[in-house]
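Since the model is a prediction, treat every value here as computed from it, not as a measurement. When a ligand or atom number is given, it counts from 1 through the structure's own listing order.
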Amino acid sequence: MLQLAALTLLCIVKWIYQLIPPEKSRIPSPGSCLLILLTLAFEHDKLQKLELLSEFYFYYGLFKFDGKIYILNPRLAQQAIYKLEKGAKHYLENSPLKNTFLGSSQKSPETRRAIASLFRKTSIDERATIMMSDIQKMCEQFRSGPSGVVNVTEWTLRMALDIVGHVLFELDFHGLELKQEKLISAMTTISHRCYALGEVTSDSKEFLDANVQIDDITCMVLEEALNIDDGTIKGKRLVKSLHDACGFTEAKDNMKLFLMAGTETTAATIPVVMSLLVKYPTVQDELRQEAEELLESLMADPTTPLPKIESVLSEVLRLYPIAPFISRQNYEPVNLGDIKLDQHTDVIIFTWGIHRNPHFWEKSREFVPFRFLNTSKTSGNMYIPFGAGSRVCIGQHLAWLELRLAIALLLFQFKFEHAPETPELRFGVDWTHAVVHPDKDMVFRISPTQNDTCVLKSLNR
Ligand code: HEM
Ligand SMILES: *[C@@H]1O[C@H](CO)[C@@H](O)[C@H](O)[C@H]1NC(C)=O
Ligand SMILES: *[C@@H]1O[C@H](CO)[C@@H](O)[C@H](O)[C@H]1NC(C)=O
């Protein structure tokens, strides 16, 4: 009741506020009344508060909250992305990713050069067949499971881990063969339980143990990989290039980065896509039809366009950007539009707010599955699920190929339905690494389709 009143009041205040012309050289921030209303309406849900403030301060293009500046305007976002730096002093303090090249770009130019070619679209496309056979391995696990209910969160995490292993490291992690319990449990402890859900703190024993666990496993994997004779492999493996470029410790730390960034993100996206396809079964059917029509072409050429599947994926990453913001800092005074930033400010380019803003998008809060069939991409920085500029997501081609192929192969073989255990779609935010995860494991009822899977036999390795 109180919550509803607060929401209504917020709407009215927002409407009045929009009639007042903004003072462009000031950074607005919510006063104590507004903060109280926000807390009444959304309790501790910071993401929802920020989303509402994004509408509130739309005409300013930015606002201040909790000591940070949030940017909503694509033009200001452009300036922030190009003028500001990534990685301040306390960035990623307790995180296992602290010493990786996620920090300042000046810190590790050799590492960047060593890996750039591997992530190019053509290099990634060459590895599509390996990716498909990993996806197919997951599908076989679905088929052989005991009941019709599958834990899609768990399986996509294992699949994404194996894909990163095969595609980036040319190593077998055997996650889908249930052989990485320790690594998977350590990654889940750190990214879900600690950073996204706050169930354990970053100074707890569990967290520290998980951190050591990930470090030990990565060390072991790197040592093994360095001893493998590369006779059959074209070019050098990533791990060797990394090792030659920056030595053992940095190579190991960056392997952790690829492991975590490459696994968490795609593994969080697929359950969200499936959750929506279960909620909108006719959309699921339409996508399945597309998969049926195009599967053979896709097997022959994995870059075959899948217009509907791609539109739905784009829309999912618009409405629920798995990376909900991009963070930057300034080290010296700098101008963003008419705003002068003093020394050291935390700046957040607020993807979540930009993607869901009614001023930019029709039906901004609705899932419009085929929106992107018409929207011939989008102008400026209105749509930035993978970031932009020189620090754009290095794994975006890998992620996109993996997501397209996984959705097509899964829908070709299975129908997904709501089960009594299926949770509602809600998110926990990892503010440190800028990732959102569904707050519960996504489980669905699945049943095999009538489709003839002969065409997939070539994928069984
Ligand atoms: C749906 C999947 C994914 C999304 C939405 C996503 C999104 C992003 C975003 C928004 C950034 C930050 C850009 C910035 O700060 O300007 C980023 C950076 C990064 N991503 Fe991804 N990503 C995804 C998948 C992947 C995958 C599969 C990898 C594979 C290794 C990966 C590796 C990285 C790395 C290493 C960076 C840091 C790049 C740098 O600092 O220069 N990501 N990603
Ligand atoms: C899904 O799998 C994970 C990992 O095995 C497990 O910890 C979790 O309890 C499962 N969730 C559900 C809802 O079954
Ligand atoms: C796409 O555009 C066509 C023609 O302009 C229109 O009929 C159709 O409804 C649009 N589809 C969507 C999903 O907006």
Side-chain angles (χ1 to χ4, degrees), residues 77 80-82 84-87 91-92 97 100-105 107-109 111-112 115-116 118-119 124 131 147 149-158 160-161 163-165 167-169 175 178 180-181 184-185 187-189 192-193 238 253-273 313-314 316-318 320-329 347-349 351-352 355 381 383-404 406 419-423 433-436 438 440-444:
I81 287 168
Y82 285 90
L84 305 183
E85 268 281 351
K86 221 169 143 164
Y91 187 52
L92 301 174
L97 302 184
T100 66
F101 79 53
L102 267 184
S104 153
S105 18
K107 225 176 76 185
S108 34
T111 317
R112 277 163 202 288
I115 58 168
L118 191 83
F119 283 92
I124 293 296
M131 238 186 240
S147 77
V149 175
V150 299
N151 186 335
V152 171
T153 299
E154 177 191 359
W155 285 111
T156 49
L157 193 63
R158 293 180 182 284
L161 178 66
I163 288 182
V164 168
V167 173
L168 295 181
F169 302 143
L178 305 177
Q180 287 294 346
E181 300 317 293
I184 287 184
S185 135
M187 290 203 309
T188 311
T189 298
H192 293 217
R193 298 189 50 220
L238 171 72
D253 284 333
N254 283 305
M255 274 181 84
K256 281 198 257 181
L257 167 63
F258 297 136
L259 264 180
M260 311 248 329
T263 307
E264 283 304 318
T265 44
T266 44
T269 309
I270 294 173
V272 178
V273 174
L313 280 170
S314 299
V316 169
L317 289 177
R318 179 193 70 82
Y320 305 108
I322 294 299
F325 59 90
I326 298 169
S327 49
R328 293 288 186 273
Q329 286 85 16
V347 176
I348 305 282
I349 295 119
T351 312
W352 185 278
H355 281 190
N381 292 312
Y383 183 68
I384 45 168
F386 293 102
S390 64
R391 304 300 294 271
V392 69
C393 175
I394 194 172
Q396 67 171 316
H397 302 305
L398 197 169
W400 196 244
L401 188 63
E402 179 175 340
L403 292 170
R404 295 165 67 244
E421 303 91 324
T422 307
H433 303 105
V435 185
V436 294
K440 301 224 169 55
D441 291 328
M442 283 295 162
V443 295
F444 304 106

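In terms of N/O distances under 3.5 Å, ligand 1 is approached by Arg391.
Phe119 pairs by the ring-ring contact (aromatic ring centres under 6.0 Å, His included) definition with Phe258, not counting sequence neighbours.
We find the OG-NE2 distance between Ser327 and His433 to be 10.5 Å, quoted to the nearest 0.5 Å. Here the straight-line distance linking atom OG1 of Thr422 with atom CG of Asp441 works out to 11.5 Å at 0.5 Å rounding. If you take CD1 on Ile184 and OG1 on Thr189, they are separated by 11.5 Å, rounding to the nearest 0.5 Å.
Remark: ligand 1 atoms within the under-4.0 Å shell around heavy atoms of Ala323 are 7 (C), 10 (C). Within the listing of ligand 1, atoms 14 (C), 15 (O), 16 (O) sit less than 4.0 angstrom from a heavy atom of Ile326. Contact atoms of ligand 1 toward Thr269: 1 (C) (distance under 4.0 Å to a heavy atom of the residue). Applying the 4.0 Å criterion to heavy atoms of Gly387 picks out, from ligand 1, the atoms 10 (C).
Side chain of Arg158 to main chain of Gly175: a donor-acceptor pair is present (N/O by atom type, distance under 3.5 Å, no hydrogens or angles).
With a 4.0 Å heavy-atom cut-off, ligand 1 is reached by the backbone of Pro385 but not by any atom from C-beta on. If you look at Arg328 next to ligand 1, the close heavy atoms, those under 4.0 Å, all belong to the side chain.
The protein residues lying under 4.0 angstrom from ligand 2, judged by non-hydrogen atoms, are Asn151, Glu154, Asp441, Val443.
Within the 4.5 Å cutoff, the side chain of Val273 has heavy atoms near those of the Leu313 side chain. Under the 4.5 Å side-chain criterion, counting only non-hydrogen atoms from C-beta, Pro438 is in contact with Val272.
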Legend entry - Residues Arg391, Arg328; criterion side chain to side chain contact (heavy atoms under 4.5 Å, CB included); working and verdict: CA-CA 11 Å; Arg391 304 300 294 271; Arg328 293 288 186 273; 3.5 Å; yes
Inset, instruction - Report the C-alpha separation of Thr156 and Met442 in whole Å, then their side-chain angles, then the decisive distance to 0.1 Å, and conclude whether the side chain to side chain contact (heavy atoms under 4.5 Å, CB included) test is met. - result: CA-CA 10 Å; Thr156 49; Met442 283 295 162; over 6 Å; no
Inset, instruction - Show the numbers, then the answer: is there a side chain to side chain contact (heavy atoms under 4.5 Å, CB included) between Phe386 and Leu317? - result: CA-CA 9 Å; Phe386 293 102; Leu317 289 177; 4.1 Å; yes
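Within the set Cys393, Ala160, Gly395, the minimum heavy-atom distance to atom 11 (C) of ligand 1 is found for Cys393.
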